[in-house]
Amino acid sequence: MNLSHHLIARLRRTLAGLQYPDVPVTLELPPSPDMGDRSCTVALALAKPLKRAPRQIAQEILQALPPDDPWIDRVEIAGPGYLNFFWSREALRQVLRGLRESGPDYGSSDLGAGERRLFEFVSANPTGPLNIVSARAAAVGDSLVRVQRKIGFDAQSEFYVNDAGRQVDLLGESVRARLREALGRPLEIPEGGYHGIYVRDLAEQARQEFPGDPLTAPARDLGRWTAQRIVAGQRETLEAYGVAYHRWFFESEIHQSGAHWQTLERLKQEGHIYEKDGALYFRSSAFGDDDDRVVVTSDGRPTYFLPDIAYHLDKAGRGYAKAVDLWGPDHHGHVGRMQAAMRALGLPVEFLEVVIVQQVNLLRGGQPVKMSKRTGEMITMDELIEEVGSDAARQIFLSRRWSSPLDFDIEMAKDRSEKSPIFYVQYAHARISSIFRKAGDGEELQESDLEALHAPEEWDLLRSLSLFPDAVETAGLQLAPHRINTYLSDLATSFHRFYHECRVLSDDPALTRARLALCRAVQVVLKEGLRLMGMSAPDQM
RNA sequence: GCGCCUGUAGCUCAACGGAAGAGCAACGGCCUUCUAAGCCGUGGGUUCCGGGUUCGAGUCCCGGCAGGCGUACCA
């Protein structure tokens, strides 16, 4: 049940019948509903190849359209040559029937044709608790995966744990420094170590539970043990946020299997590696990067880059046609080298798509909250969820494009007054639930009841429902989950207006049944949309 | 210096290359009703500036300006 697809198919057939050159047929939303429900600009696009006036072409298309379409009430030509389509009441009733049949599957499609896609996000270092930046990435990444699956991609989520390398040693040494501090010695955190107060708690845990003597064990062993504790905590945080990964991938797996050395061999064989000053360089500049990059240092250690290449190669090896990585703005400089590596290894350019999720500026009542990674002074993701709640946080993170920097005001996020737009959509859902509580077990809808729908607010609501599949499709294809949020706000507006103007439970049984069916349809779409955003659909507020 | 992101109403932000929008703030209305966390109305714009491509540019390209981030044999 997708009115847009129906119309596009109609138009394509008509254009083919007219033997026009092949141009993409897409639909727009006219600026105002009284100008139409969907609009098509093919006549404008055809003006040049046909060397004719666009309005004249529009006229020709209009006349060639099958006149007997029960879903189209009328077509108008507007402006320079827009074709504006108006749905018939029958079409809008059909939306309601279709929704009753498909339920939450409404808006699902097989557009992705089962293509396997892997979404990697957050992937924070296992050296401290997750912060607010991770909260944004988690909200965006998780919603992306949900939407991708909705439109027929076989999408999965993954967290890459950097549990190897120097930072793990530093973590071990930082824990040890805290252990010594607890014994009354001065606190000496190593250069580049971790200053956060959370390290003290980890040291206490290590004192009690580390298998062996944490004061004398190798820093790497202590670090690895601690990292595992931190990862477990990160996993709990994300689960409290409603994010469950399909897989947690540990960098140490690569070090154990030696996959990174195999990757290096492969690059060497292809002639993409050279030595300079004792270090091994990957000739990434030959594949579009600004510069060549070190993959093995002069003292023989792999840089983080080499296992990272191996990891992404592993993604391809696992049968994913596309890997989408969500990175922070501080890593955007790495996009070029990673894509260069993918190309050097023979993967198509589109294989790796990097989404840079921009920074979050944390505010409290309009004032910036100072955060410092060095001193470990920061608001953790746990504190964020505790203070503002998972739903409110996700709603804010999904209300903007990921490419925009975002101001997150904690006070505003907690606000539950009428000024706050955060609960607008959920409130609509709760209101509908309330109606159904009052209605009790209603009678079954009769086909003839639909004739009772007449108010403009009812048609407007049905029009809004008809746009859900389009919103899902756009959000999925453009990797733009905030589109779902924009759509749901519009739907909620239509509903609140309807609620205000049209009493659902009345002494007219047919009208009551019809309006209850309409409410149910709205409720299903709100709930499904909220699910795609990883938010709950409360029955009471 | 170079690279990336951002610049749209007073503020926070939407807008598949297609006809500039919403929320908040301001002002004025609506609770004896299924939830007022809601609804209705009013005002508010050189889409940072200058070129270009296009039938059509907030959107794409080039050049500026402003803010943010990055620019390691760290991750």
Side-chain angles (χ1 to χ4, degrees), chain A residues 24 26-32 35 39-41 43-48 53-54 78-82 84 125 127 162 164-168 170 192 251 276-281 290-291 293-301 303-305 308 328-336 356-359 361 366 396 399-407 409 412 415-424 426-428 430-439 470 473-474 477-478 480 482-483 485-486 489-490 492-493 495-506 512 515-516 519 540-541:
Chain A
T26 56
L27 296 180
E28 326 277 332
L29 214 54
S32 134
M35 297 167 81
S39 171
C40 186
T41 57
L44 299 170
L46 283 165
K48 187 156 198 182
Y82 296 102
N84 289 343
N125 287 334
T127 53
N162 292 102
R166 215 168 73 84
Q167 53 178 347
V168 176
L170 280 167
E251 185 188 356
K276 193 177 94 180
D277 304 330
L280 294 183
Y281 281 75
D290 303 332
D291 212 343
R293 307 292 169 181
V294 173
V295 286
V296 179
T297 64
S298 51
D299 56 5
R301 291 178 297 117
T303 62
Y304 83 96
F305 185 36
D308 223 13
D330 51 337
H331 284 77
H332 82 253
H334 298 205
V335 176
I356 300 294
V357 180
Q358 289 295 325
Q359 64 183 344
N361 302 312
I396 290 169
S399 63
R400 288 155 179 74
R401 309 197 303 268
W402 41 254
S403 57
S404 293
L406 179 145
D407 290 336
D409 194 312
M412 229 182 265
D415 185 7
R416 301 198 164 200
S417 76
E418 65 225 31
K419 292 184 301 188
S420 171
I422 293 168
F423 300 99
Y424 187 77
Q426 288 180 319
Y427 183 57
R431 268 186 153 176
I432 295 172
S433 295
S434 175
I435 293 172
F436 280 110
R437 273 196 299 278
K438 192 76 99 181
D470 302 65
E473 197 174 305
T474 307
L477 293 179
Q478 295 178 8
H482 73 277
R483 293 274 196 153
N485 179 62
T486 307
S489 293
D490 290 345
T493 296
F495 173 75
H496 287 308
R497 197 173 290 151
F498 159 82
Y499 180 91
H500 190 261
E501 292 299 322
C502 305
R503 199 178 160 81
V504 176
L505 304 175
S506 68
T512 299
R515 285 182 171 168
L516 279 172
C519 284
Q540 281 182 56
M541 287 175 72

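Keep in mind it's a predicted model, so treat the numbers as computed, not measured. Lettering follows sequence order; numbering is per chain, from 1.
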A.B. asks: Compare side-chain N and O positions of A:His482 against OP1 and OP2 of B:rA15 and report whether any pair is under 4.0 Å apart.
C.D. replies: yes
A.B. asks: Using the P atom as the reference point in each nucleotide, state the distance between B:rG43 and B:rG7 in Å, no decimals.
C.D. replies: 28 Å
A.B. asks: Rounded to the Å, how far apart are A:Tyr427 OH and B:rC34 P?
C.D. replies: 12 Å
A.B. asks: Across all strands, who's sitting opposite B:rG41 as a Watson-Crick or G-U wobble pair, both distances under 3.5 Å?
C.D. replies: B:rC27
A.B. asks: Run the side chain to side chain contact (heavy atoms under 4.5 Å, CB included) test against A:Ala430 and tell me which residues pass, sequence neighbours left out.
C.D. replies: A:Met541
A.B. asks: I'd like to compare against my own output: the B/S/- annotation of nucleotides 65-75 of chain B with a strict under-4.0 Å heavy-atom distance to protein.
C.D. replies: ---SBS--BSB
A.B. asks: Do A:Tyr499 and A:Ile432 come close enough that some side-chain heavy atom pair is under 4.5 Å?
C.D. replies: no
A.B. asks: B:rU33 pairs with which nucleotide, Watson-Crick or G-U wobble, both distances below 3.5 Å?
C.D. replies: none
A.B. asks: Between protein and nucleic acid, restricted to nucleotides 30-33 of chain B and to nitrogen or oxygen atoms under 3.5 Å apart, what atom pairs and distances do you find?
C.D. replies:
| unit_1 | atom_1 | unit_2 | atom_2 | d |
| --- | --- | --- | --- | --- |
| B:rU33 | O2' | A:Arg503 | NH1 | 3.4 |

A.B. asks: Under a 3.5 Å cut-off for both distances, is B:rU71 Watson-Crick or wobble paired, and to whom?
C.D. replies: B:rG1
A.B. asks: Tell me what A:Cys40 touches on the nucleic acid: a base, only sugar-phosphate, or nothing, going by heavy atoms under 4.0 Å.
C.D. replies: nothing
A.B. asks: According to side chain to side chain contact (heavy atoms under 4.5 Å, CB included), who are the partners of A:Val357, at least two apart in sequence or on a separate chain?
C.D. replies: A:Arg136, A:Leu326, A:Val355, A:Trp402
A.B. asks: Who passes salt bridge (Lys or Arg N to Asp or Glu O under 4.0 Å) against A:Asp470, sequence neighbours left out?
C.D. replies: A:Arg38
A.B. asks: Who are the side chain to side chain contact (heavy atoms under 4.5 Å, CB included) partners of A:Pro54, not counting sequence neighbours?
C.D. replies: A:Leu44, A:Ala47
A.B. asks: Applying a 4.0 Å non-hydrogen cut-off, can you work out what A:Ile356 is touching in the nucleic acid: base, sugar-phosphate, or nothing?
C.D. replies: nothing
A.B. asks: With sequence neighbours left out, what residues match A:Asn162 under side-chain hydrogen bond (donor to acceptor under 3.5 Å, both in side chains)?
C.D. replies: A:Glu251
A.B. asks: Not counting sequence neighbours, which residues clear side-chain hydrogen bond (donor to acceptor under 3.5 Å, both in side chains) with A:His334? List them please.
C.D. replies: A:Tyr304
A.B. asks: Looking for any heavy atom pair under 4.0 Å, which part of the strands does A:Gln426 touch: base, sugar-phosphate only, or nothing?
C.D. replies: nothing
A.B. asks: Taking atom CZ of A:Arg166 as the centre, does the number of heavy atoms from other residues, nucleotides or ligands within less than 6.0 Å exceed 12?
C.D. replies: no
A.B. asks: A:His496: what forms a ring pair (Phe, Tyr, Trp, His ring centres under 6.0 Å) with it, not counting sequence neighbours?
C.D. replies: A:Tyr424, A:Tyr427
A.B. asks: Answer whether the closest heavy-atom distance between the side chains of A:Leu516 and A:Ile435 falls below 4.5 Å.
C.D. replies: yes
A.B. asks: What pair of heavy atoms forms the shortest contact from A:Cys40 to A:Thr26, and how long is it?
C.D. replies: SG-O, 3.6 Å
A.B. asks: For A:Arg503 and A:Arg515, which heavy atoms make the closest approach, and how far apart are they?
C.D. replies: O-NH1, 2.7 Å
A.B. asks: Indicate for each nucleotide in nucleotides 17-25 of chain B, in 5' to 3' sequence, whether protein heavy atoms under 4.0 Å reach the base (B), only the sugar-phosphate (S), or nothing (-).
C.D. replies: -BB---SSS
A.B. asks: Counting side-chain heavy atoms from CB outward, which of B:rA37, B:rC13, B:rC34 is closest to A:Asp407?
C.D. replies: B:rC13
A.B. asks: Using atom CD of A:Glu501 as one end and atom P of B:rA36 as the other, report the distance to the nearest whole Å.
C.D. replies: 14 Å
A.B. asks: Nucleotides 56-58 of chain B: which of its N/O atoms have a protein N/O under 3.5 Å away?
C.D. replies:
none

A.B. asks: What distance, rounded to whole Å, do you find between the two C1' atoms, one in B:rG28 and one in B:rA20?
C.D. replies: 27 Å
A.B. asks: Name all residues meeting the salt bridge (Lys or Arg N to Asp or Glu O under 4.0 Å) criterion together with A:Arg497; count only those two or more places apart in sequence or in a different chain, and write none if there are none.
C.D. replies: none
A.B. asks: Using Watson-Crick or G-U wobble geometry with both distances below 3.5 Å, tell me the partner of B:rU53, or none.
C.D. replies: none
A.B. asks: Taking B:rU8 as the reference, what is the distance to B:rA14 when you measure between their C1' atoms (whole Å, please)?
C.D. replies: 10 Å
